[in-house]
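Report on the following structure.
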Amino acid sequence: MIQETAANTKQAGPVRVRIAPSPTGDPHVGTAYIGLLNYVFAKQRGGRFVLRIEDTDRSRFVASSEQMIFDALHWTGLEWDEGPDVGGPHGPYRQSERTEIYREYCDKLLESGHAYRAFETAEELDAERKAQMGAKQPPKYNGPSRRYTQEQVDTALAGSKPYTIRLRVPQGDAGVGTASTTFRDELRGDITFDHFNVDDQVLMKSDGFPTYHLANVVDDHLMGITDVIRAEEWISSTPKHVLLYQAFGWDLPRFWHMPLLRNIDKSKISKRKNPVSLVYYRQAGFLPQALLNFLGLMGGGMAQPTEQEIVSKGLDTRLIDIFSLMEMVERFDFKRISLGGPVFDLVKLKWMNSEYLRALDAEAFFQAMRATVFSDAYLRAIAPLVQTRIETLGQFGDLTDFFFKDDVMPAPELFVPKKRTLEETLLFATEMLPVLEAADWTPTSIDAGLRELLTAKEWSVKEAFGLLRVILTGKTASPPLLESLVVFGKARSLNRVRRFLEQQKRFQASANRK
RNA sequence: GGCGCUAUGGUGUAACUGGUUAACACGUCGCCCUCUCAAGGCGAAGAGUUCGGGUUCGAGCCCCGAUAGCGCUACCA
């Protein structure tokens, strides 16, 4: 029986931890959550906190995303010691700049037989996967390439067939249950996966870029990461990572898998059901300290004072949940983290933010407003939209109120076009959402997407733009819609549309009940 | 479907190595304060700890088994 145990990790020197966001869109609140935990972990132990950009997926790459991640993370106050923008001794910290390194390590795996070239096409793999699922088998790679002789490989190579490189997961000779990998999760204890359920993961894609699994293991090792603190969704792929460490003959880091932030319905937090963009929280006027404080509450970790302490020290129970980043570094206990997925409760976050807002002195509060809702940049962007539309400066607010509101709640008589029903209109609004999501948030891009949709659905330009105008502004007349959307920001605009849809769904539900 | 993880009021968490009527915060409701609304003060409702067995004088904490939720199941991360 091949029992791959992964219990011994050699640890010397200060801890090193990292977060590794992907530049595939807006910076995510989950990144801030995991970032916070990593930061606190490092600070508690006098270690280093590293930021690494995992931009190995060319198809999902969004050019503007990386800078947004830097900005948003800097905004939170979670400063990193090493990263693409601040440098460090283990760079480069951008995976797209490390492709030769992965190539080199991948070759080693090829030589040692821990990996092999796979020449199957995406279509072939797809067909096989479907067949396996139909037969109620775990979908796994099982192509002929795994058993190719050197000769066959050479022939395929000579024919310059595109290929991927896959991890050769050792299968026990005696079948199911005879090969497995066990690793230790610091919060859960040992977790075992039978190799029957571990796929021959693609390590190197046919475009020459590594997958997360390879890049992450190679980088974590090369960057001296001692503790991998990441989200729970990675547990299932950890055996592959362990197998890689072992194939390279490297010591394992410790693994700490954190519970996943959840929507109200307990599913993994997602933009469809919750604002998840850090840009949104910033623009909507949440204070970073409040956000971090709230995130620090998720999953426990902060020891609550006992009843006796409350009484003896005369603590105000109302302030029990309020603590600073520094206090977290002092008191946060990773072993206390509770493993049930915490619901990201916007209501409590707002309460907490209000506590922080009230605690500001008058000047600081004023400055906070200036920095967000009334920043020069924001006003400067809005000004040209209204200059030709007002007679006195005093009318500014009449035209631009929606730029400064958290929510607008238009009535159906405003947003339903004359020749459409409420149902049709809501359906169209629903279909607008993915179109807006896909836009790169310039007037041209939004315009193109919208026009494509309205043409397909046989809506007039007037109807479609009118609808979106009312959803965004709450009014039938407004400054130019596309420019307004751009100025208001993608995160907030999308949130407004989503909230509109939710509101209407609720109205309909309650109307149906009557 | 398979594998894995998880399980305390609506939500986030407490409950020391098993020991009283399961605590705190958010939210909800009521009252007070008040020109309004917040804030603040006071109070209330809301869980018998997913369910079923077992061990024990005693189980939210230990054991077994179910169930449910979630995650993964990509040439995404």
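Throughout, protein chains are lettered first and strands after them, A, B, ... in sequence-line order, and every chain is numbered starting at 1.
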Taking all non-hydrogen atoms of both residues, which atom of Trp441(A) and which atom of Leu436(A) are closest, and how far apart? CZ3-O, 3.5 Å

Kindly point out which of [options] is positioned nearest to the side chain of [X]?
X: Leu297(A); options: G12(B), A25(B), C75(B); result: G12(B)
X: Lys205(A); options: A77(B), G27(B), G71(B); result: A77(B)
X: Glu233(A); options: G27(B), U13(B), G71(B); result: G71(B)
X: Arg60(A); options: A77(B), G2(B), G12(B); result: A77(B)

Between [N] ([atom2]) and [X] ([atom1]): distance, integer Å:
X: Glu355(A); N: A38(B); atom1: CD; atom2: C1'; answer: 12 Å
X: Lys335(A); N: U13(B); atom1: NZ; atom2: C1'; answer: 20 Å
X: Asp321(A); N: C24(B); atom1: CG; atom2: P; answer: 13 Å
X: Phe323(A); N: G12(B); atom1: CZ; atom2: P; answer: 15 Å
X: Leu260(A); N: A77(B); atom1: CG; atom2: P; answer: 17 Å

Is any side-chain nitrogen or oxygen of [X] closer than 4.0 Å to OP1 or OP2 of [N]?
X: Lys268(A); N: C72(B); value: yes
X: Lys140(A); N: C72(B); value: no
X: Arg336(A); N: A15(B); value: yes
X: Arg129(A); N: C75(B); value: yes
X: Ser267(A); N: G69(B); value: no

For Arg98(A) and Glu100(A), what are the C-alpha separation, side-chain angles and deciding distance, and is it a salt bridge (Lys or Arg N to Asp or Glu O under 4.0 Å)? CA-CA 6 Å; Arg98(A) 300 171 65 84; Glu100(A) 327 77 57; over 6 Å; no

Contacts of type side-chain hydrogen bond (donor to acceptor under 3.5 Å, both in side chains), residue Glu66(A), not counting sequence neighbours: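 Once residues adjacent in sequence are excluded, the partners of Glu66(A) under the side-chain hydrogen bond (donor to acceptor under 3.5 Å, both in side chains) criterion are Arg94(A).
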
For [N] and [M], measure between their [atom1] atoms and round to the nearest Å.
N: G10(B); M: U49(B); atom1: P; answer: 13 Å
N: G53(B); M: U73(B); atom1: P; answer: 39 Å
N: A44(B); M: G1(B); atom1: P; answer: 47 Å
N: A15(B); M: A25(B); atom1: C1'; answer: 15 Å

Should the pair Lys140(A) and Phe196(A) be classed as cation-pi, given the thresholds of under 6.0 Å to the six-membered ring centre and 45° from the axis?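 Flagged: Lys140(A) positioned over aromatic ring of Phe196(A).
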
Is the NZ or CZ atom of Lys405(A) positioned over Phe403(A)'s six-membered ring, under 6.0 angstrom from the centre and within 45° of the axis?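 No, Lys405(A) and Phe403(A) do not form such a contact.
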
Residue pair Asp85(A), Tyr93(A): steps toward the side chain to side chain donor-acceptor pair (under 3.5 Å) verdict: CA-CA 9 Å; Asp85(A) 56 339; Tyr93(A) 293 92; over 6 Å; no

Go through it in stages, so that I can follow the logic: the residues are Glu502(A) and Lys505(A), the test is salt bridge (Lys or Arg N to Asp or Glu O under 4.0 Å), and I'd like the CA-CA distance, side-chain angles, deciding distance and then a yes or no. CA-CA 5 Å; Glu502(A) 272 164 38; Lys505(A) 220 189 290 167; over 6 Å; no

Could you go through the salt bridge (Lys or Arg N to Asp or Glu O under 4.0 Å) check for Arg498(A) and Glu437(A) one step at a time? CA-CA 11 Å; Arg498(A) 289 193 194 103; Glu437(A) 276 166 5; 2.8 Å; yes

Does a donor on one side chain and an acceptor on the other come within less than 3.5 Å for Glu120(A) and Tyr141(A)? yes

Suppose we define a pair by two distances each less than 3.5 Å, Watson-Crick or G-U wobble; what does [N] pair with here?
N: C70(B); result: G4(B)
N: U21(B); result: none
N: G46(B); result: none

So if I define the base as every atom that isn't primed, P, OP1 or OP2, how would nucleotides 41-51 of chain B read as a B/S/- string at a heavy-atom cutoff under 4.0 Å? S----------

Test log, rule side chain to side chain donor-acceptor pair (under 3.5 Å), inputs Asn263(A) and Ser270(A): CA-CA 7 Å; Asn263(A) 299 310; Ser270(A) 64; 3.3 Å; yes

Which pairs, protein N/O on one side and nucleotides 4-10 of chain B N/O on the other, fall under 3.5 Å?
unit_1 : atom_1 : unit_2    : atom_2 : d
C5(B)  : O2'    : Arg188(A) : NH1    : 3.2
C5(B)  : O2'    : Glu232(A) : OE2    : 2.9

Using the glycosidic torsion, which applies to G48(B): syn (within 90° of 0) or anti (everything else)?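 Base orientation: syn.
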
